[in-house]
Amino acid sequence: MDRKYTILLVDDEPAIRGMISVFLEEEEQYKVLTADCGQAALEILKTESVDLVLSDVNMPGMKGFELLKIVKEQYPHIKRLLITAYNVEDYLGLTLSHDVGNIFVKSVPFNFQELSKLLKNLIEGNIFGVERYFAEGIKVHRNLIRKSTNLDIESQKIVIMIDDDTRGKQLELVLFELLTNAIFYGIRDENPENKQSWDFDFELSEETAVEVAVAIDDEKYAVSVKDRGGKLKKQNVLYWLHRQIAQDDKGMPLGLLDTHGRGLFIARRYIDRLIVNIDPGRQTEIILINYLNKTYSGSKPIYINEL
């Protein structure tokens, strides 16, 4: 790497600032600037060239969402990432209104390697591929899905390969939903309101086939489902997830009867890490990551990236 990336870390807790700063600078690819509040961060941005702002959500005065909204308006080239120790579901409405797709969670223990990979992927814009979440040289198994029939069997094959006894059925359900979405919405652009008229008798070309990739190491496994349609939008994903959490005046989820977004909500519920990568008009990739020993406790992060 020819240069170090500059991270502006904003957090009102000195211990958190110190812990993250030390880790990132030991990685030898980051220069870290720090601020204890949003206003101080904006002053730094007036004079410093920054690649990414990493901000806590809850701070005195200006909140993290407000800060990143200003950053997007005044410095659109700077990447943005929020960090919190609290339940991310409580912030889904704000992620939608402030157009923030990434919230990293301060887990116990703190997942330093996940943070480092996330920062690098965001800054470089290289978000696609399960291999980006593993050590260099990880073996990746790839397969093309060209038919819509027997998606349940294709899902079972992946689960057997991974051999996760405790969450195999959940993973199988999620994969079936995502494969269905990738083929019928991502590639064929079918109407979800008119499923009775869908054509199931077809075979995708090799160029339009859905790609499934699997990688496994001693700590975790990852499965990606990639279509070459790129029809998904970040705002839509945030909207669908929010509707499954937000309630009406009777205490029922607003999205209880929604036809869209079900697969993504199920994935977020049952999988440790749900990552959505979108290159509009070209490709969409959904990555599922499960930690084999449930290593990291706490709320689940949200990672939705759109180039």
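Computation of the quantities below employed the complete heavy-atom set of this structure, encompassing side-chain atoms and omitting hydrogens, waters and symmetry-equivalent molecules. Position 1 is the first residue of the sequence; numbering continues from there. Quick caveat, the model's predicted, so the values are computed rather than measured.
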Check residues 59-79 and write down every donor-acceptor pair under 3.5 Å in which the side-chain atom is one partner and the other belongs to a residue at least two apart or another chain.
{"unit_1": "Lys63", "atom_1": "NZ", "unit_2": "Met59", "atom_2": "O", "d": "3.0"}
{"unit_1": "Glu66", "atom_1": "OE2", "unit_2": "Lys63", "atom_2": "N", "d": "3.1"}
{"unit_1": "Lys72", "atom_1": "NZ", "unit_2": "Asp99", "atom_2": "OD2", "d": "2.3"}

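A heavy-atom distance below 4.5 Å is found between the side chains of Asn58 and Tyr86. Annotation: side chain of Leu33 is in contact with side chain of Glu48 (closest heavy-atom distance under 4.5 Å). Between Leu264 and Trp240, some side-chain heavy-atom pair lies under the 4.5 Å cut-off. Side-chain contact between Pro301 and Arg273 is present, with heavy atoms from C-beta onward closer than 4.5 Å. Using a 4.5 Å heavy-atom cutoff, the side chains of Leu238 and Ile302 are in contact. Contact annotation: the side chain of Glu154 never approaches that of Val210 to less than 4.5 Å [non-hydrogen atoms, C-beta and beyond].
At distances below 3.5 Å, not a single donor-acceptor pair connects side-chain atoms of Asp11 with backbone N or O atoms of Ile16. Without hydrogens or angle criteria, Arg132 side chain to Asn126 main chain gives a donor-acceptor distance under 3.5 Å.
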Decide yes or no on salt bridge (charged side-chain N to carboxylate O under 4.0 Å, His left out) for Arg228 and Glu207, but give the supporting numbers first. CA-CA 8 Å; Arg228 292 169 174 81; Glu207 290 74 25; over 6 Å; no

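If you look at Phe184 and Phe200, their ring centroids are closer than 6.0 Å.
Ion pairing between Glu114 and Lys300 fails under the 4.0 Å rule for side-chain N and carboxylate O.
Lys220 forms a cation-pi arrangement with Phe134, by the criterion of a distance under 6.0 Å to the ring centre and an angle within 45° of the ring axis.
Between Leu8 and the options Asp51, Ile44, Leu42, Val32, a side-chain contact (heavy atoms from CB on, under 4.5 Å) holds for only Ile44.
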